[in-house]
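We count ligands from 1, going down the list as the structure has it; atoms in each ligand are counted the same way.
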Amino acid sequence: MKSLRLSLAGFGVVGQSFVKLLNSKQDYLREAYGIDVRLVGVGNARHGFIYREDGLDMSLLLELSASNRPLTDYEYVRHWDTLLKGLPETGANVLVEVTPTNLRDAEPGLSHIVAALRQGAHVVTANKGPGALAGAELLALARQQGVQLRMEACVMAGTPVLSTLLDGMAGARIQSVRGILNGTTNYILGAMADGRKYAEALAEAQAQGYAETDPTADVEGYDTLAKTLILAALVFNQPLKPEQVERQGITAVSFEAVQQAELEGKRIKLIATLQRSADGLEASVAPHVLPQNDPLARVVGVTNALTIQSDTLSEVTVIGPGAGGLATAQGLLADVIACAR
Ligand SMILES: NC(=O)c1ccc[n+]([C@@H]2O[C@H](COP(=O)([O-])OP(=O)(O)OC[C@H]3O[C@@H](n4cnc5c(N)ncnc54)[C@H](OP(=O)(O)O)[C@@H]3O)[C@@H](O)[C@H]2O)c1
């Protein structure tokens with residue numbers, strides 16, 4: 001039996017979904033994979049970081065959160081006011097990092113990840129900031145430390161797109177990828193195709209919980225940009241800076257343009273493109289008018305998809321959920337299992 005000791009940075013939607021999933025899969029992980037996974041530390045912004053050498057009771061943690069009680073109400077644990085202070089004093093060998101994505105300086109996730117890698121722990125994350133802004137440097141640090149840094153949940157949540165590209169298609173030379181990597185914008189464009197104006201479609205996406213109150217990161221294409229940068233660094237081994245990627249969101253896409261595309265039997269989609277070129281790698285995030293026979297044209301609602309061109313498999317398309325607590329937790333769990341293996 002292999003034993004993993006996990007610390008969790010961030011106990012919000014994804015952090016709690018991950019704890020729920022891990023709690024429900026404990027027996028299955030032992031039986032099917034021979035892995036004993038113990039959650040030993042949890043931190044958030046408001047209550048700092050708690051740690052228990054023998055493992056924390058996951059049901060109790062979820063109960064605390066459900067009843068709006070602070071993590072510090074957990075008795076007989078060690079406590080620090082920040083995760084960065086506590087982490088070096090603990091014996092966790094995997095950090096699961098799920099603090100908010102920040103595309104300005106990638107903090108606080110970047111510091112958490114660097115600290116964990118430096119102390120020889122594997123890192124599994126759904127936080128797009130560190131991979132987007134410093135993916136290549138962090139992967140180099142992980143290699144130097146002899147540990148893994150895994151980001152499956154950053155791109156298309158638990159839908160296995162990074163593992164398809166990096167493991168499943170090992171040996172193939174990836175020529176290009178094109179994808180719908182943001183469910184909110186795909187939902188809004190779909191609602192506009194069905195006859196709703198932008199403001200109405202956005203309000204509907206917010207009411208369904210797909211869009212944030214401030215939808216800028218989604219509708220201006222920043223979320224898709226972050227995923228594009230991660231793909232550039234991890235899959236093409238050619239890290240790009242945000243300013244090297246042309247970025248357009250969907251706010252300039254008119255209702256008339258969407259309707260006209262419909263009349264012509266086409267679909268407007270927000271597409272991330274990465275394509276090898278003579279100069280290296282060309283990348284963009286922009287709305288495209290797609291013909292109906294394009295596999296991405298048929299991807300509806302909040303679903304995500306990535307179409308991959310390579311030298312050996314011509315075209316492969318991976319389609320699946322791109323957000324949501326459980327879907328993202330699945331991506332984290334798969335990466336935790338990969339670390340144990
Ligand atoms: N939600 C999704 O469907 C989805 C899908 C794919 C990827 N992701 C990514 O997953 C990450 C988490 O998303 P989420 O929806 O769970 O966000 P969330 O609900 O806002 O939770 C974020 C958590 O991080 C904690 N946090 C913030 N600053 C911290 C710090 N300095 N130290 C320790 N903890 C800190 C917050 O603490 P408090 O509770 O005290 O505020 C909160 O518990 C984000 O990077 C997001 O982009 C999310």
Side-chain angles (χ1 to χ4, degrees), residues 7-21 41-51 61-62 64-66 68-73 79-87 90 95-116 123-133 135 150-162 181-187 205 208-218 222-227 229-230 302-304 320-335:
S7 276
L8 181 65
F11 197 48
V13 174
V14 173
Q16 290 177 39
S17 300
F18 175 71
V19 171
K20 258 180 227 157
L21 183 63
V42 177
N44 66 13
R46 287 162 300 151
H47 317 129
F49 181 60
I50 61 167
Y51 177 80
L61 282 172
L62 293 165
L64 283 179
S65 179
N68 282 321
R69 287 167 60 201
L71 290 174
T72 43
D73 273 8
H79 174 256
W80 296 266
D81 57 2
T82 71
L83 187 119
L84 274 181
K85 285 186 192 158
L87 206 58
T90 66
L95 175 70
V96 176
E97 218 294 337
V98 287
T99 63
T101 290
N102 159 5
L103 288 180
R104 288 178 307 280
D105 61 8
E107 295 295 356
L110 181 60
S111 295
H112 293 161
I113 292 175
V114 168
V123 174
V124 164
T125 187
N127 178 351
K128 289 152 267 182
L133 300 188
R150 303 188 67 95
M151 303 184 202
E152 185 64 80
C154 290
V155 185
M156 289 173 61
T159 303
V161 72
L162 288 180
L181 301 180
N182 180 270
T184 307
T185 44
N186 202 50
Y187 181 90
Q208 303 266 359
Y210 300 143
E212 304 281 330
T213 317
D214 175 2
T216 311
D218 290 329
Y222 290 104
D223 177 70
T224 305
L225 170 65
K227 293 161 182 169
L229 295 170
I230 291 173
V302 289
T303 303
N304 284 192
L326 178 61
T328 309
Q330 165 56 37
L332 296 166
L333 182 66
D335 274 351

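Considering only non-hydrogen protein atoms, atom 27 (C) of ligand 1 sits nearest to P100 CD, 3.4 Å. Protein heavy atom in closest approach to atom 19 (O) of ligand 1: V13 N, 3.0 Å. In this structure, the protein non-hydrogen atom closest to atom 9 (C) of ligand 1 is A126 O, 3.2 Å. At the shortest separation from atom 32 (N) of ligand 1 among protein heavy atoms lies H112 CE1, 3.5 Å. Ranking protein heavy atoms by distance to atom 5 (C) of ligand 1, first place goes to T328 OG1, 3.0 Å. Looking only at protein heavy atoms, the nearest one to atom 25 (C) of ligand 1 is G10 CA, 3.8 Å.
Counting only heavy atoms from C-beta outward, the side chains of N304 and N186 never approach each other to under 4.5 Å. Taking the side chain as every heavy atom from C-beta outward, S7 and L87 approach each other to under 4.5 Å. By the 4.5 Å heavy-atom criterion applied to side chains, L21 and L326 are counted as neighbours.
For atom 17 (O) of ligand 1, the nearest protein heavy atom lies 4.0 Å away or farther.
Rounded to the nearest 0.5 Å, atoms OG1 (T328) and CZ (F18) are 12.0 Å apart. With rounding to the nearest 0.5 angstrom, the OH atom of Y187 is 14.0 Å from the CG atom of N182. Rounding to the nearest 0.5 angstrom, the gap separating the CD atom in Q330 from the CG atom in D335 is 9.5 Å. In this structure, the separation between CE on M151 and NZ on K128 is 13.0 Å, given to the nearest 0.5 Å. Considering CD of E152 and CG of L162, their distance stands at 4.5 Å, rounded to 0.5 Å. Remark: I50 CD1 to L83 CG distance equals 11.5 Å, nearest 0.5 Å.
Here A157 has no heavy atoms under 4.0 Å from ligand 1, in either its backbone or its side chain. Of the heavy atoms in A153, only backbone atoms (N, CA, C, O) come closer than 4.0 Å to ligand 1.
Listed by atom number, the atoms of ligand 1 under 4.0 Å from R46 heavy atoms are 38 (P), 39 (O), 40 (O), 41 (O). Atoms of ligand 1 lying under 4.0 Å from at least one heavy atom of N127, given by number and element, are 45 (O). Which parts of ligand 1 touch T101 is read off a 4.0 Å heavy-atom cut-off, strictly below it: atoms 44 (C), 45 (O), 46 (C), 47 (O). Numbered from 1 in the order shown, with element, the atoms of ligand 1 that lie under 4.0 Å from a heavy atom of G12 read 16 (O), 19 (O), 21 (O), 23 (C), 42 (C), 43 (O). In summary, the atoms of ligand 1 found under 4.0 Å from a heavy atom of V14, numbered by their order in the structure, are 1 (N), 2 (C), 4 (C), 10 (O), 13 (O), 14 (P), 15 (O), 16 (O), 48 (C). Per-residue contacts place P108 under 4.0 angstrom from the following atoms of ligand 1 (heavy atoms of the residue considered): 28 (N), 29 (C), 30 (C), 31 (N). In the vicinity of A323, heavy-atom distances shorter than 4.0 Å reach the ligand 1 atoms 3 (O).
Of the options T99, L83, V98, the smallest heavy-atom separation from atom 44 (C) of ligand 1 is shown by T99. With A329, A45, G209 as candidates, the residue nearest to atom 37 (O) of ligand 1 on a non-hydrogen basis is A45.
Any N or O atom pair closer than 3.5 Å counts here, and F11 shares at least one such pair with ligand 1.
The closest approach between G324 and ligand 1 falls below 4.0 Å for a heavy atom of the residue. Residue contacts with ligand 1 leave out H47, since none of its heavy atoms falls under 4.0 Å from the ligand.
The 12-atom threshold is exceeded at CD of E107, counting heavy atoms of other residues, nucleotides or ligands nearer than 6.0 Å.
Annotation for H47 and H79: closest pair O-NE2, 2.8 Å, computed over non-hydrogen atoms. In plain terms, the two heavy atoms of P321 and A327 that are nearest each other are CB-CB, 4.0 Å.
With N127 as the fixed residue, the side-chain contact (heavy atoms from CB on, under 4.5 Å) test singles out one of L110, T99, I113: T99.
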